[in-house]
Protein chains: 2
Amino acid sequence: MVSRKRTSSNEIEDLVLASALQILEERGVEALTVRDIARHAGVAPMGIYNHFAGKLDVVDALVHQGHVQFAETLGRLVPSSPAEHRLIDSGLAYRHFAHDHPRLYQLMFMHSIPSYQPSVETAQAMARSIRVLIDDIEQLQLAGDIRAGDPLAIAQEVWSIVHGYVSLELFTLNFSSTPEETYRQLLDDMMAGLRAR
Amino acid sequence: MVSRKRTSSNEIEDLVLASALQILEERGVEALTVRDIARHAGVAPMGIYNHFAGKLDVVDALVHQGHVQFAETLGRLVPSSPAEHRLIDSGLAYRHFAHDHPRLYQLMFMHSIPSYQPSVETAQAMARSIRVLIDDIEQLQLAGDIRAGDPLAIAQEVWSIVHGYVSLELFTLNFSSTPEETYRQLLDDMMAGLRAR
DNA sequence: CCATATTGTAGAACAACGTGCTACTCTGAG
DNA sequence: CTCAGAGTAGCACGTTGTTCTACAATATGG
């Protein structure tokens, strides 16, 4: 058997990512330092540089992982949901993901580390989530449930609405006393606005 | 005449804020360092600490200034606009402000310095902008142009929609080839969804 | 007009950060 | 047992926010 990749390498990468994710979720972006990630993973700081190009590369791996998980979450509910409820259900799942992983959401969608720009592969992972949304919209248009128009543009509208609500609610200001119901109302108003007319 | 406040103090504060704003707009949040602000203002680094509690206090003053300017921008167009177009016009003005001052917008609404939390006065300045929006919504409800419901909740919906679009467009992803028109379409769909029904 | 208190400055210093270098240690394959 | 390669510790550098100290300028009271 020829020399195969040492398993310990992958293990260390997974360990570093798991540690970084835990620190991020528990103590926020500002606590996400190379030294702390290394300490938490039981690894020397230089060990991180043996497996990642730098801190932003670790962040990118985290975000990439997040997008894969996010696309999976959205994709999972599609088959089980009738077409006309699909956008609503996706919207609810979107908010649910953000509430489950607020700091990761912040990293994925809110540019919260200004010096970080997603890599090409990470951008593609994000694009896959959007693809699911666009497919839903095209189906709804065929069924006559929502108005005609460029599905991409409508997808951008829909994403704007859910992202706007969720990011304001989590990080900026939430002055609704019943945020859950206001969100459902927002989704209903969105569907009413997109209805064929 | 009793001893009055030395003018030079206020001048230095204004100078520091103007320098910070310029650095922010030209080179982004990550370039906003105490040393650079001081150098740009022709002041010793310690001079900044003589007038502000720290870097985050400078940021807070910047954000406060931004909210005042923002509320003024929104408030200015209200009288000149017929009630039924007011939300649309406010939405357009909102996007216009964000495009004119994208990095300031980022600071004001996107939590882009995680360790920064707005002071009470700054939060109040933001609340004044929202007040304008709520007033518009109440007027539209009285006129029967939009559906009934808690004006605060509807304001949160409206703000979510415009903020979501603008922040995605500027900082995350914009896959519409005609962003301006897609935004107008979004505002139209929003009004359609809020119509009394 | 001078003495004094205030307000500025320069410059060093500290801790924490991302990152890189160097020298040591472990370990597993032959 | 040997030894190359991967991992380690630890120091180092430059930058950050912040603070301290010592000094200069300047406005105000007598």
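Convention: sequence-line order gives letters A, B, ...; per-chain numbering from 1. Because the structure is a prediction, the values reported are computed rather than measured.
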Is there a donor-acceptor contact under 3.5 Å linking the side chains of A/T122 and A/H64? no
From the options D/dG7, C/dG20, C/dA10, select the nucleotide whose nearest atom is closest to the side chain of A/Y49. C/dG20
Nearest-nucleotide pick for B/T33, side chain only, options being C/dG18, C/dT9, D/dT16: D/dT16
Gap between atoms CZ and P, on B/R39 and C/dG11 respectively (whole Å): 13 Å
Using only side-chain N and O atoms of A/H51, determine if any of them is under 4.0 Å from OP1 or OP2 of D/dA6. no
Would B/R95 count as a cation-pi partner of B/Y165, with NZ or CZ less than 6.0 Å from the six-membered ring centre and within 45° of the ring normal? no
For A/H163 and A/Y105, does a side-chain donor sit closer than 3.5 Å to a side-chain acceptor? yes
To the nearest angstrom, the CG-P distance between A/D36 and C/dA16 comes to 11 Å
Given that A/N50 and B/G54 both sit by DNA chain D, which one's nearest nucleotide is further toward the 5' end? A/N50
CG of A/L15 versus P of D/dT8: gap in Å, rounded? 11 Å
Kindly point out which of C/dT9, C/dG18, D/dT16 is positioned nearest to the side chain of A/R35? C/dG18
Can you measure B/K55 atom NZ to D/dT15 atom C1' for me and round it to whole angstrom units? 12 Å
Can you confirm whether or not the ring centre of A/Y94 sits under 6.0 Å from the ring centre of A/Y183? no
Check the side chains of A/E121 and A/H67 for a donor-acceptor pair under 3.5 angstrom, ignoring hydrogens and angles. no
Quickly work out the B/E30 CD to D/dG17 P distance and round it to whole Å. 12 Å
When you measure from the side chain of A/M46, which nucleotide among D/dA9, D/dG17, C/dT19 comes out closest? D/dA9
Separation of atom CZ in A/F52 from atom C1' in C/dT19, rounded to whole Å: 16 Å
Using whole Å, report how far CD of B/E13 lies from P of C/dT7. 12 Å
Using a 4.0 Å heavy-atom cut-off, does A/L32 contact any base of the nucleic acid, only the sugar-phosphate backbone, or nothing at all? sugar-phosphate
Can you tell me the distance, in whole Å, between the CD1 atom of A/I113 and the P atom of D/dT16? 18 Å
